[in-house]
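What you see is a predicted model, and the numbers here were worked out from it, not measured in a lab. Chain A is the first sequence line, chain B the second, and so forth, proteins listed ahead of strands; every chain is numbered from 1.
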Amino acid sequence: MADFEPGSSFIPALYKPPSLLPIAQHRESLQYAIETFPVTVVIGQTGSGKTTQIPQFLDQAGWCSDGKLIGVTQPRRVAATTVALRVAEELGCEIGKEVGYSIRFEDLTSTSTRIKFLTDGLLIREALVDPLLTRYSVIMVDEAHERSISTDVLLGLLKKIRKRRADLQIIISSATLQAEEFLRFFTQSGDDKSQPAKEAVKEETGTIISFEGRTYPIDILYLDSPAENYLEKTIDVVLSIHEQEGSGDILVFLTGREEIDQAVQAISERSATANSHSTGLQPLPLYAGLSSEEQMLVFDKTPENTRKVVFATNIAEASVTIEGIVFVVDCGFVKQRAYNPRTGIETLTATPVSKASASQRAGRAGRTRPGKCFRLYTEDSFTNLPEANVPEIQRSNLAPVVLQLKALGIDNVVRFDFFSAPPSDLVAKALELLYALGALDEYGKLTRPLGARMAELAVEPMMAKTLLASHSFGCTNEILTIAAMTSLDGAVWFHHDGERKKMETSRRKFAVEEGDHLTLLNAYQAFVTKGKKETKFCHENHLNYKSMTRAVSIRNQLKRYLERFNIPVDDAMTFDPQDPARRTQQDPARKAEKIRRCLTSGYFAHAARMQPDGTFRNVAGGTILHAHPSSLMFNRKADWVIFHEIMETGDKTFIKDITKVEKDWLFEYAPEFYQLSTK
DNA sequence: GAGCACTGC
């Protein structure tokens, strides 16, 4: 094939008017399958109606007659709510009655609920209280092909539950051709994975049903030689699509914010100077870091004679669907997170996409009519891509997962029947940390009450430990706030274009000498007291209002957990180094020390020491760490510190949310840990 | 002196 010639290989498509949603035709075979086999794998494109229709069929077929629920899990909160709303509408009932949903902070279900949509993470938490999920007659795991950690854990749990509950109907729904793999997982015996499942067993246990989605043909084009610079190539291709192709919007997949902003700028400049065309090109960015208002712009209808080109990250691969996309440009890369169990450092690196990912991206072009996908790599490179993404559970810090499994009664995590087993060094690293935190004893058993309580708290293990230790340090109230604020993952401060300096000034107003954790505490307390939780206060102080209200919710939820554990929380005892009235009541420096000591008792594994050159070294000494520019410790003097997060991006390793501590405290709160690692 | 794809309890 010659170099890109959009227009040269256009395939005229035969337009077939869709009669009914295809799933209606498959209703009978679905009902037969579900009544014959305990496990059904459903293949169907997004938009085939499987998510909304299947639960209704099941309800009509009497699966809720004995007061049991049909549970449908989703990997994302928005999906759970929007799908629930649609099904309620289709059934003509009020949301929360017969059809409801349950996500963190929002439970819209009642005693009359028969169909319940929920996130898979929440269903796992329900299993902590009701290990056999006895309230459900059917569980449908939707979007299983996305292979999130929660989905993978849930699949393992469901397989285990099925051995004790023959009456439980399981439906796995997936968009790709991993169906055989899902079915094999549920049909083979968990004790001997080396033996292929006997056909007879397979026949009795499960079946696969395919729902042909309403899709349109997509013409896929490759480069004939690799692009030297895919960003430049992207701009070229977008411009030539605009000049040579018929109408339709363009979706471009890039890897991150920087690239996207560059591309948007390049297109604005180039289309401003290109006067030849009657129609304009409107470039729009789409990535998670944008405010929701900015994100919403991609859904706006373009003016007459204007073609929309959306430059997006992977957010547009599964989470966000934009109607009217006819052309897709795929750079072939994605920024992927991985975890190095040896160093305990997470990395974020651009990696080639998988074939599954590439076809998902291409599929975004054919939702409303025939489309085209321009892959900015050769057909040869495509052939060499991995079939599927490495599942998240095989490249993450597993401490939260292992703790959760232990709390679910799975003592031998290594023998747990994972859909994809995580590498043993990841599991070992997680066990090591959980032992150091006191969540597990020397036999690897969950400790009580500490480990069990840590598993219940909706924060990561190190923060859970900090929170549960806070009472003995006399700073529960403050740690609750810090836990809530660090859960926001950095979305605290907010600024519009060109206002970064102003934001920095605002942030300095809340700055506390001891570090970021106390600064976050300070900002939160100003928000709830001086700011009276108002948007105006946030605006003036460059705080993200949505994040701050979320922090209030998270804090309340965590507080309720502590109260359930009979850990007293005194909301009146607030720390405020800037309020002179309080300063006389209690010595803020002493309070700050309690908080810093308490943080050390949970974050001792995240300690570092500043070097004369201003960079940090971890305790082992081998890794050069940099204070992230968002940290107060960026360009400030310190000695020993603990930090909330560590991540390697590009060629640097950054630490974020940093607080000054004393070296002695590390030995005081984690003697065993530091003895071991200094050997 | 400078930056992070995405999701979830």
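- We find that CD of A:Glu258 is positioned 14 Å from C1' of B:dA5, with the value rounded to whole Å.
- Residues A:Glu456 and A:Gln336 both approach DNA chain B. Their nearest nucleotides, taken by heavy-atom distance, put A:Gln336 toward the 5′ side.
- Taking the ring centroids of A:Phe333 and A:Tyr230, they lie under the 6.0 Å cut-off.
- One atom, CD of A:Glu392, and another, P of B:dG8, lie 11 Å apart when rounded to the nearest Å.
- Under the side chain to side chain donor-acceptor pair (under 3.5 Å) criterion, A:Arg395 pairs with no residue at all, not counting sequence neighbours.
- Among the protein residues, A:Arg337 comes within range of the nucleic acid bases, having at least one heavy atom under 4.0 Å from a base atom.
- Between A:Phe418 and A:Phe416, the ring planes are perpendicular. Angles over 60° get that label, and only those under 30° would be called parallel.
- Distance check: A:Phe654 CZ to A:His626 NE2 gives 6.5 Å after rounding to the nearest 0.5 Å.
- Rounded to whole Å, atom C1' of B:dT7 lies 15 Å from atom CG of A:Leu118.
- Atom CG in A:Leu488 sits roughly 14 Å away from atom C1' in B:dG8 (whole-Å rounding).
- For A:Arg77, the listed nucleotide lying nearest its side chain is B:dG8; candidates were B:dC6, B:dA5, B:dG8.
- Contact annotation for A:Ile315: backbone-only contact, meaning every heavy-atom pair under 4.0 Å involves sugar-phosphate atoms and none involves a base.
- Atom CD in A:Glu648 sits roughly 15 Å away from atom P in B:dA5 (whole-Å rounding).
- Within 6.0 Å of the NZ atom in A:Lys546, the count of heavy atoms belonging to other residues, nucleotides or ligands does not exceed 12.
- As rounded to whole Å, 14 Å separates atom P of B:dC6 from atom CZ of A:Arg395.
- Remark: A:Arg147 engages A:Asp152 in a salt bridge, criterion side-chain N to carboxylate O under 4.0 Å.
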Go through the steps to decide whether A:Leu625 and A:Asn618 satisfy the test side-chain contact (heavy atoms from CB on, under 4.5 Å), and finish with yes or no.
-> CA-CA 7 Å; A:Leu625 311 173; A:Asn618 62 347; 4.1 Å; yes
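- In this entry the distance linking CG of A:Leu128 with P of B:dC9 reads 14 Å, nearest Å.
- For A:Leu123 and B:dC9, the CG to P distance is 12 Å, given to the nearest whole Å.
- Among the atoms of the strands shown, base atoms are found under 4.0 Å from some heavy atom of A:Arg104.
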Distances for protein N/O vs nucleotides 1-3 of chain B N/O pairs under 3.5 angstrom?
none

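- The phosphate of B:dC6 (OP1 or OP2) has a side-chain N or O of A:Thr313 nearer than 4.0 angstrom.
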